[in-house]
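Read the structure below first, then the notes.
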Amino acid sequence: MKRKSNIMKFTALALSLLMVLCSCGDKGNSGRTQSSGESSQAVSEDGGPVISLSSTEVSAGQMAEVTLSVKGAQQKWNMCGIHITFPEELEIEMIDEEERLAKFLRGSASEYATASLAMSWTDELPEELAGEKLHSVFFTEMFDGNTGLDGDICTIYLKVPEDAQSGTVYPLSYYNTETDIFSNAEQNTAFQDYAFSHMQDGSITVK
């Protein structure tokens with residue numbers, strides 16, 4: 001019961017902040033978009049949305065850029081709310097510790113988003129995360145209509161420990177809850193079910 005309460009409380013906070021941003025006409029933490037040449041690593045099998053996390057290599061002590069992408073959803077989605085998980089040894093770059101706001105760069109898939117938000121989740125974690133020594137960041141955004149595109153949704157920043165050993169691999173994945181969402185304006189459940197059943201993990205490898 002406590003697990004569900006913590007998830008609902010955290011997600012409600014994130015969504016309420018997102019609504020504030022949307023009502024103010026804010027474009028999120030960054031109005032910048034990446035180059036049109038960026039591409040998603042995901043491969044859509046039959047036209048459904050496929051969400052993926054990037055895999056990258058960095059040296060010990062460096063900041064890794066981790067990108068969330070989607071393919072198979074060109075002008076077909078209008079809202080997302082996704083928990084990305086990472087080992088607790090990694091340190092997410094923040095812009096406001098008190099408000100739990102994580103730094104992110106909006107990608108080209110989110111060019112027309114009306115509001116975007118990334119929130120760090122490192123305390124009052126459910127047993128599934130705490131037991132595996134994982135932290136999470138919740139990324140959520142919304143659009144007017146189905147104006148979400150294919151490509152990179154956002155990039156977050158995770159610092160690798162200074163003493164990380166070469167060859168260490170930090171897995172990146174998702175923590176799906178009943179409050180998570182990847183929807184279209186029609187709120188088609190099959191569309192969301194496909195997205196959540198075809199999510200692709202990523203990783204950070206120490207050089």
* To do: Mind listing the closest non-hydrogen atom pair of Y170 and P161 along with its distance?
  => OH-CD, 3.6 Å

* Treat each ILVMFWY residue as a node, draw an edge where side-chain heavy atoms are under 4.5 Å apart, and state whether I95 and M119 are in one component. => yes

* Hey, is CD on Q187 packed in by over 12 heavy atoms from elsewhere, all under 6.0 Å? -> no

* Donor-acceptor pair, side chain of E91 and main chain of K159, under 3.5 angstrom -> no

* Asked: Are the side chain of S120 and the backbone N or O of V137 linked by a donor-acceptor pair below 3.5 Å?
  -> no

* Structure fact -> Of all heavy-atom pairs linking D152 and S69, the shortest is OD1-OG, 2.7 Å

* **I51 vs Q200 side-chain heavy atoms within contact, under 4.5 Å** => no

* Structure fact -> Taking every heavy atom of A109 against every heavy atom of W77, the minimum-distance pair comes out as O-CZ2, 4.0 Å

* Structure fact -> Output for pair (K76 NZ, F191 CZ), nearest 0.5 Å, gives 7.5 Å

* **CD1 on I204 to OG on S54, rounded to 0.5 Å** => 8.0 Å

* Side-chain (T205) to main-chain (E57) donor-acceptor, under 3.5 angstrom -> no

* Distance-only side-chain donor-acceptor flag, S55 / S203, under 3.5 Å -> yes

* Min side-chain heavy-atom separation L105-E65 under 4.5 Å -> no

* Asked: Got more than 12 heavy atoms from elsewhere within 6.0 Å of CD, E89?
  -> yes

* Asked: Can you list the steps and then say if T67 with T155 is a side chain to side chain donor-acceptor pair (under 3.5 Å)?
  -> CA-CA 4 Å; T67 301; T155 297; 2.8 Å; yes

* Does any N or O in the side chain of S110 come within less than 3.5 Å of the main-chain N or O of I153, such that one atom is a donor and the other an acceptor? -> yes

* Going by heavy atoms in the side chains, are W121 and L129 under 4.5 Å from each other? -> yes

* Decide if atom CD of Q165 counts as having more than 12 heavy atoms of other residues, nucleotides or ligands within a radius under 6.0 Å. => no

* Structure fact -> Which of F182, F139, F138, Y174 passes ring pair (Phe, Tyr, Trp, His ring centres under 6.0 Å) with H83? It is F138

* Asked: Will you find, in the side chains of S116 and E141, an N or O donor that is under 3.5 Å from an N or O acceptor?
  -> yes

* Asked: NZ of K207 to OG1 of T168: how many Å apart, nearest 0.5 Å?
  -> 14.5 Å

* Minimum heavy-atom separation for L90 to V160, with atom names? -> CD2-CA, 3.9 Å

* **Shortest non-hydrogen separation from E162 to A60 and the atoms involved** => O-CB, 3.5 Å

* Contact check, side chains of Y194 and V50, non-hydrogen atoms, under 4.5 Å -> yes

* To do: Verify, without hydrogens or angle tests, whether N146 (side chain) and A185 (backbone) share a donor-acceptor contact under 3.5 angstrom.
  => yes

* Asked: Side-chain contact, heavy-atom cut-off 4.5 Å: D201 with L53?
  -> no

* State whether the side chain of N184 and the backbone N or O of N188 hold a donor-acceptor pair below 3.5 Å, judged by distance alone. => yes

* Enter the distance from Y157:OH to K103:NZ here, rounded to the nearest 0.5 Å. => 5.5 Å

* Asked: Roughly how far apart are I181 CD1 and T179 OG1, rounded to 0.5 Å?
  -> 9.5 Å

* **Spacing of NE2 belonging to H135 relative to CG belonging to D123, to within rounding of 0.5 Å** => 8.5 Å

* Asked: Between A102 and I92, which heavy-atom pair has the shortest distance, and what is it?
  -> CB-CD1, 3.8 Å

